[in-house]
Number of protein chains: 2
Amino acid sequence: MGIKERKERHREDFKAKILQAAKKLFVTEGYEATSIRKIAAEIEFSPTTIYLYYKDKTDIAYALHQEGFGLLRERFSTLAYVDDPFERLKAMGRGYIQFAVDHPDFYELMFIMKEPMQYLQAHHPEEEWPEGERVFDALMQTVDGCKARGYFSSMNTEEMAMLSWSMVHGLCSLHITSHFKHIAEKCSGIELVKQDTLLVNVFSAYLQLLERLK
Amino acid sequence: MGIKERKERHREDFKAKILQAAKKLFVTEGYEATSIRKIAAEIEFSPTTIYLYYKDKTDIAYALHQEGFGLLRERFSTLAYVDDPFERLKAMGRGYIQFAVDHPDFYELMFIMKEPMQYLQAHHPEEEWPEGERVFDALMQTVDGCKARGYFSSMNTEEMAMLSWSMVHGLCSLHITSHFKHIAEKCSGIELVKQDTLLVNVFSAYLQLLERLK
DNA sequence: AAAATTACTTAACACTGTTAATAAATAAAA
DNA sequence: TTTTATTTATTAACAGTGTTAAGTAATTTT
């Protein structure tokens, strides 16, 4: 009964093909401009065909969201080999920021937009966002490691992890939505510093804070 | 020549009327569901009439965005009377968080969505977001006050202000996009704590961090 | 009263996500 | 091998979106 398997394989291929087209449009033109019809045109199929493979548009959004987490995990995977937990925490933060700068559209889909997370809540309420949990677990372990070495002792591990995540996410988020751009230009006493280094600078200030607590 | 003034006044009234209808829909049904046609139906005018008073939809979005900043400034205004700068900083953070919890839709429009800021950049590139600058200035002054009392000395004021803003924004943002909800439920060792207190708890952890640096 | 300006509406364009009904291609059963 | 059944893809359509051009009604000005 290899026929069913072949069909299933073909189906997966087709799903991948759709996703590839969606990703192309998404990266070049953004999420809003990525319409079902455009994806269909890209793969030279009728728009309704897409609905035979993906439930709706948010389903595609969630698939791209997962793709984005693949990219992020790729960046983080090598950091597992950094022994010193505080060094790892620093590197994670910088890696996270760099990811947001390199892939702002993916970052938006993964952490700023509501749609994919709502899709998750509506259609897979049981598995509870495994990609996010994995990354957050890694962060918690790193925080625990830091605590073991005397950093921010007497602090709750989970709260500390959330604090760090919120910190870098706040930075990346305000950067992407161009909120920083507006306050950095005029309000700032220091001259217009390059946006990317601005993020890293503020993050360094945060690290400085943490380091003093040792 | 009171006629022209009367007309101008009427025009402003009409703009306010449109905005009121938009706000009503926006608060009850969210931004996406707030269409020009629905706003028009609400005020019992033709959809195209709205374009005689607002350039386009992002123009309305920006007007609501400003309205939101009015609400936030209202909350912050009383805090100016708090003498101790560190107490003020704490209160500002908690006020900011409470605002996000009370008005998630406004918060989204003000700090999460790209549309209003992009509108600003496109149509008023010279005035550079006065509402935001004012709030950020207040934050910087408070940070400066803290420094004068020995808190986080040797830290750059602007970076410290951005750090604090990013911190609370990260918290509120991840809360609103329901990212926290997903990691708090399963991944968390501690039992499902009420989301609102979670935000305040993490913020408190941040304050604890700052306090230790005195 | 006639002309000009202003205020508003109707109709339409070019899109969007999504579904029901239908045709074409393939597989299973006779 | 021919007929039936199933899968796969399509066309047409619904109900909506932001937005603009053209036309109408009301008001002011001449």
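With hydrogens and angles disregarded, no donor-acceptor distance shorter than 3.5 Å links the side chain of A/Y31 to the backbone of A/L109. Panel note: side chain B/K90, backbone B/L207; no donor-acceptor pair is recorded below 3.5 Å. Judged by distance alone, the side chain of B/H65 and the main-chain N or O of B/E115 form no donor-acceptor pair under 3.5 Å.
No hydrogens or angles considered: nothing links the side chains of A/S166 and B/Y206 as a donor-acceptor pair under 3.5 Å. Side-chain contact, B/D56 with B/Y51: no donor N or O sits under 3.5 Å from an acceptor N or O. In the model, A/Y107 has a side-chain atom that pairs as donor or acceptor with a side-chain atom of A/H169 under 3.5 Å.
Of the residues B/Y119, B/F69, B/F111, the one that meets the ring-ring contact (aromatic ring centres under 6.0 Å, His included) test with B/W129 is B/F69.
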Evaluate the side chain to side chain contact (heavy atoms under 4.5 Å, CB included) criterion for residues A/M117 and A/Y62: first the C-alpha distance (whole Å), next the side-chain angles of each, then the deciding distance (0.1 Å), finally the verdict. CA-CA 8 Å; A/M117 290 310 276; A/Y62 181 63; over 6 Å; no
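Residues from residues 50-62 of chain A that place a heavy atom under 4.0 Å from any atom of DNA chain D, listed by number: A/L52, A/Y53. If you check residues 17-28 of chain A against DNA chain C, you find no residue with a heavy atom closer than 4.0 Å. Listed by residue number, the members of residues 29-49 of chain B with any heavy atom below 4.0 angstrom from DNA chain C are B/R37, B/F45, B/S46, B/T48, B/T49.
Surrounding CD of A/E29 are more than 12 heavy atoms belonging to other residues, nucleotides or ligands, all under 6.0 Å away. Annotation: B/E12, atom CD; neighbour count of heavy atoms from other residues, nucleotides and ligands within 6.0 Å is above 12.
The side-chain contact (heavy atoms from CB on, under 4.5 Å) check on A/R37 picks up A/S35, A/P47, with sequence neighbours excluded. The salt bridge (charged side-chain N to carboxylate O under 4.0 Å, His left out) search around B/K23 returns B/E67, not counting sequence neighbours.
Overall, the helix from C/dA1-D/dT30 to C/dA30-D/dT1 carries an axis bend of 30° between its ends, with five pairs at each end and the value rounded to 10°.
With rounding to whole Å, A/H10 atom NE2 is found 11 Å from C/dT26 atom P.
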